[in-house]
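Written out below as structure tokens is the structure these notes cover.
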2 protein chains.
Amino acid sequence: MNDSYTRTQVNIADLCKAIAHPARVAIVQYLLTQSACVCGDIVDELPLSQSTVSQHLKALKKVGLIQGTVSGPKVCYCINPVVWDEFSSMITPIFNEVETKLNCCQ
Amino acid sequence: MNDSYTRTQVNIADLCKAIAHPARVAIVQYLLTQSACVCGDIVDELPLSQSTVSQHLKALKKVGLIQGTVSGPKVCYCINPVVWDEFSSMITPIFNEVETKLNCCQ
DNA sequence: ATTCATTATCGTAAAATTACGATAAATTTA
DNA sequence: TAAATTTATCGTAATTTTACGATAATGAAT
């Protein structure tokens, strides 16, 4: 059907789009500071309403970068290392390739 | 002024947003295959109109990931390794941090 | 059984993104 | 000088994103 772009191109774009908002970067960074799976108080960390934070969490969850587990009335969000590793292995080759490039336009 | 997010959070978000479209990923990958600074024919590589490609190039140039140099009636676009390196040094610590994490929600 | 706390979803408005054709601007070529 | 080539910008429409308050849904505690 949609063979305009490669699967990798679409995957990279989707993952980058998921991180393409300061609030979602902040969420990821916050989750990385938590040794246990403390969640919910993400709302207190951000200058946004509860419903907006919920939307951002949904965007991160949609691509799998984070994971949500219901525990009672609360939901525990955490980083999903598997998808981050996939992301890393798609973007790192680009970083490496770029390093071999000279800045050809002076 | 805007102290809601750190400069790093905003920078990461802006850079990711610039890559958050399959066409722009394709442009970057195409530029990486060119040893010389061949440009312009990027339009032929993509299933998009000339004006749309120009818009995508503008988005990448805006954050500095690529660079455009006028040479006659043509414009030469190329990767800017400096900004890519900055991007790498902001996102790599996150990859590294993630690797130390277990998938706490089973 | 009610109330409280937590989170997702709905409805909605404003802003941004994406795409195109048409056109302008700049330079080369004839 | 005139015509052709290349690229950016303008105008515009459709879609998506972002944000909020209100509300629903779930489970805990009283």
Side-chain angles (χ1 to χ4, degrees), chain A residues 2-5 9-10 12-28 30-31 34 36-78 105, chain B residues 2-5 9-10 12-28 30-31 34 36-78 105:
Chain A
N2 196 344
D3 54 342
S4 297
Y5 303 105
Q9 283 163 354
V10 173
I12 290 176
D14 284 345
L15 287 164
C16 282
K17 186 184 281 189
I19 319 175
H21 192 290
R24 294 195 290 271
V25 176
I27 288 172
V28 168
Y30 176 72
L31 289 179
Q34 305 306 109
C37 195
V38 179
C39 307
D41 36 16
I42 298 171
V43 175
D44 301 330
E45 289 286 315
L46 295 175
L48 297 170
S49 73
Q50 181 267 320
S51 60
T52 302
V53 173
S54 191
Q55 261 184 321
H56 284 304
L57 289 167
K58 192 178 180 180
L60 286 167
K61 207 170 76 171
K62 186 182 165 200
V63 298
L65 286 172
I66 68 173
Q67 219 169 0
T69 306
V70 177
S71 87
K74 304 186 179 182
V75 176
C76 167
Y77 279 105
C78 11
C105 303
Chain B
N2 194 344
D3 54 342
S4 297
Y5 304 105
Q9 282 163 355
V10 173
I12 290 175
D14 284 346
L15 286 164
C16 282
K17 186 183 281 190
I19 319 175
H21 192 290
R24 294 195 291 269
V25 176
I27 288 172
V28 167
Y30 176 72
L31 288 179
Q34 304 307 109
C37 195
V38 179
C39 307
D41 35 16
I42 298 171
V43 176
D44 302 331
E45 288 287 315
L46 295 175
L48 296 169
S49 73
Q50 182 267 322
S51 61
T52 302
V53 172
S54 191
Q55 263 185 319
H56 284 304
L57 289 167
K58 192 179 180 180
L60 286 167
K61 208 170 75 171
K62 185 183 164 199
V63 298
L65 287 172
I66 68 172
Q67 219 171 2
T69 307
V70 176
S71 87
K74 305 186 179 182
V75 175
C76 167
Y77 280 105
C78 10
C105 304

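Naming: A, B, ... by sequence-line order, numbering from 1 per chain. Computed from a predicted model, the values in this text were never measured in an experiment.
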Practice item. Hey, can you tell me if Tyr5(B) and His21(A) have their rings parallel, tilted or perpendicular (30° and 60° cut-offs)? Key: perpendicular
Check your understanding: Atom CD1 of Ile27(A) and atom P of dT18(D): how far apart are they, to the nearest Å?
Key -> 11 Å
Review point. Tell me: CD of Gln55(B) to P of dT16(D), nearest whole Å?
Key: 17 Å
Check your understanding: In terms of the nearest nucleotide of DNA chain C, which residue is placed more toward the 5' end: Lys62(B) or Ser71(B)?
Key -> Lys62(B)
Practice item. Can you see which heavy atom on Ala59(B) is nearest to which on Ala18(B), and at what distance? Key: O-CB, 4.1 Å
Check your understanding: 5'-most contact on DNA chain D: Val43(B) or Ser49(A), nearest heavy atom basis?
Key -> Val43(B)
Check your understanding: Can you tell me how far P of dA5(C) sits from CG of Asp44(A), to the nearest Å?
Key -> 14 Å
**Study point:** Side-chain N,O (His21(B)) to OP1/OP2 (dA19(C)) below 4.0 Å
**Key:** yes
Point to revise | Candidates dT7(D), dT18(D), dT7(C) - which lies nearest the side chain of Lys74(B) | key: dT7(D)
Check your understanding: Could you state the NE2-C1' distance from His56(B) to dT9(D), rounded to the nearest angstrom?
Key -> 16 Å
Review point. Does Ser51(B) put a side-chain nitrogen or oxygen below 4.0 Å from OP1 or OP2 of dG21(C)?
Key: no
Review point. Does the side chain of Leu57(B) reach to within under 4.5 Å of the side chain of Ile42(B), using non-hydrogen atoms?
Key: yes
Review point. What is the nucleic acid contact for Leu48(A), judged by heavy atoms within less than 4.0 Å: base, sugar-phosphate only, or nothing?
Key: sugar-phosphate
Exercise for review: Could you tell me whether Lys17(A) contacts a base, only the sugar-phosphate backbone, or nothing, with contacts defined as non-hydrogen atoms closer than 4.0 Å?
Suggested key: sugar-phosphate
Practice item. Figure out the NZ/C1' separation between Lys58(A) and dT7(C), and round it to whole Å. Key: 12 Å
Point to revise | Distance below 4.0 Å between Ser54(A) side-chain N/O and dA8(C) OP1 or OP2 | key: yes
Check your understanding: Please walk me through it: do Leu48(A) and His56(A) pass side chain to side chain contact (heavy atoms under 4.5 Å, CB included)?
Key -> CA-CA 10 Å; Leu48(A) 297 170; His56(A) 284 304; 3.8 Å; yes
Check your understanding: Can you check side chain to side chain contact (heavy atoms under 4.5 Å, CB included) on Gln55(A) and Ser51(A), steps first, answer last?
Key -> CA-CA 6 Å; Gln55(A) 261 184 321; Ser51(A) 60; over 6 Å; no
Exercise for review: For Pro73(A) and for Gln50(B), locate the closest nucleotide of DNA chain D by heavy-atom distance; then report the residue assigned to the nucleotide nearer the 5' terminus.
Suggested key: Gln50(B)
Practice item. Kindly say if Tyr77(A) contacts the phosphate of dT6(C), meaning a side-chain N or O under 4.0 Å from OP1 or OP2. Key: no
**Study point:** Rounded interatomic separation in angstrom, taking CG from Asp41(A) and P from dT6(C)
**Key:** 10 Å
**Study point:** Atom-pair distance (CG on Leu57(B); C1' on dA8(D)), nearest Å
**Key:** 11 Å
Revision key, fill the gap. Whole-Å distance, Ile19(A) CD1 to dT17(D) C1', equals 17 Å
